[in-house]
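These notes concern the structure reproduced below.
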Amino acid sequence: MSDTAPRTILKLPKVLDLNAAGRLHEQVLAHRGGDIEIDASDVGRVGAQCIQVLLSAVVSWRAEGLRFSVVDASESFVKTLKLLGISDEALLPKEMLK
């Protein structure tokens with residue numbers, strides 16, 4: 001991971017439903033090759049498809065030795081991760097998923 005490379009911040013919209021999954025995928029791919037922070041502070045509703053896009057991105061970024069992190073996750077975002085059984089540190093630090 002590079003500490004000196006510029007980091008992109010991608011702010012997620014309030015609604016990340018099935019219709020938003022394709023757009024989210026495009027947005028994430030547009031930043032491939034550099035560190036990225038996902039700002040999930042405004043997320044009020046997120047579906048499994050968008051979580052799947054983010055989890056896939058985490059794997060890709062890590063394979064390339066880049067940083068991919070979710071910051072300022074809303075309560076709804078964290079609650080959805082818990083409901084889906086995502087309790088590791090793939091998207092959020094463990095302390096946020098407790």
Side-chain angles (χ1 to χ4, degrees):
M1 292 184 210
S2 59
D3 289 334
T4 58
R7 183 175 305 166
T8 298
I9 298 175
L10 177 62
K11 188 162 182 73
L12 298 179
K14 289 184 180 205
V15 177
L16 286 168
D17 58 9
L18 178 60
N19 296 325
R23 174 84 175 120
L24 177 61
H25 183 248
E26 291 172 6
Q27 288 178 314
V28 170
L29 281 181
H31 300 291
R32 194 155 186 186
D35 295 341
I36 187 170
E37 283 186 356
I38 304 294
D39 180 344
S41 61
D42 286 345
V43 175
R45 184 166 45 109
V46 58
Q49 298 82 10
C50 287
I51 296 295
Q52 190 174 22
V53 168
L54 295 173
L55 287 171
S56 176
V58 167
V59 172
S60 296
W61 259 248
R62 287 183 181 166
E64 295 175 2
L66 298 169
R67 189 174 303 161
F68 186 103
S69 57
V70 176
V71 296
D72 299 328
S74 69
E75 189 174 313
S76 296
F77 189 87
V78 173
K79 184 177 178 181
T80 301
L81 289 180
K82 289 178 182 176
L83 288 172
L84 293 173
I86 299 169
S87 60
D88 62 13
E89 296 182 57
L91 284 180
L92 293 173
K94 256 186 182 163
E95 58 272 10
M96 292 186 75
L97 292 170
K98 288 183 181 178

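Because the structure is predicted, anything quoted here is derived from the model rather than measured.
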Write down the atom of Gly34, the atom of Leu66, and the distance for their closest heavy-atom approach.
N-CD1, 3.6 Å
Show me the side-chain donor-acceptor pairs of residues 45-53 shorter than 3.5 Å, one per line, residues at least two apart or across chains.
none

Value for OG1 (Thr80) from CD (Glu75), rounded to nearest 0.5 Å, stands at 10.5 Å
Side-chain donor/acceptor pairs under 3.5 Å, residues 9-29, sequence neighbours excluded:
{"unit_1": "Lys11", "atom_1": "NZ", "unit_2": "Asp39", "atom_2": "OD2", "d": "3.4"}
{"unit_1": "Lys11", "atom_1": "NZ", "unit_2": "Ser41", "atom_2": "OG", "d": "3.0"}
{"unit_1": "Lys11", "atom_1": "NZ", "unit_2": "Asp42", "atom_2": "OD2", "d": "3.2"}
{"unit_1": "Asp17", "atom_1": "OD1", "unit_2": "Asn19", "atom_2": "N", "d": "3.2"}
{"unit_1": "Asp17", "atom_1": "OD1", "unit_2": "Ala20", "atom_2": "N", "d": "3.2"}

Determine yes or no for a side-chain-to-main-chain donor-acceptor pair under 3.5 angstrom, with Ser74 supplying the side chain and Gly44 the backbone.
no
Which atom names give the shortest non-hydrogen contact between Gly33 and Glu64, and what distance separates them?
N-OE1, 4.2 Å
Taking side-chain contact (heavy atoms from CB on, under 4.5 Å) as the test, write out the residues that go with Ser69, two or more places apart.
Glu37, Val71
Side chain to side chain, Phe77 and Leu54, heavy atoms closer than 4.5 Å
yes
Could you note down all residue pairs passing ring pair (Phe, Tyr, Trp, His ring centres under 6.0 Å) where residues 27-66 supplies at least one of them, sequence neighbours left out?
Trp61-Phe68
State yes or no: do Leu84 and Val70 share one hydrophobic cluster built from I, L, V, M, F, W and Y residues joined by side-chain heavy-atom distances below 4.5 Å, directly or via other members?
yes
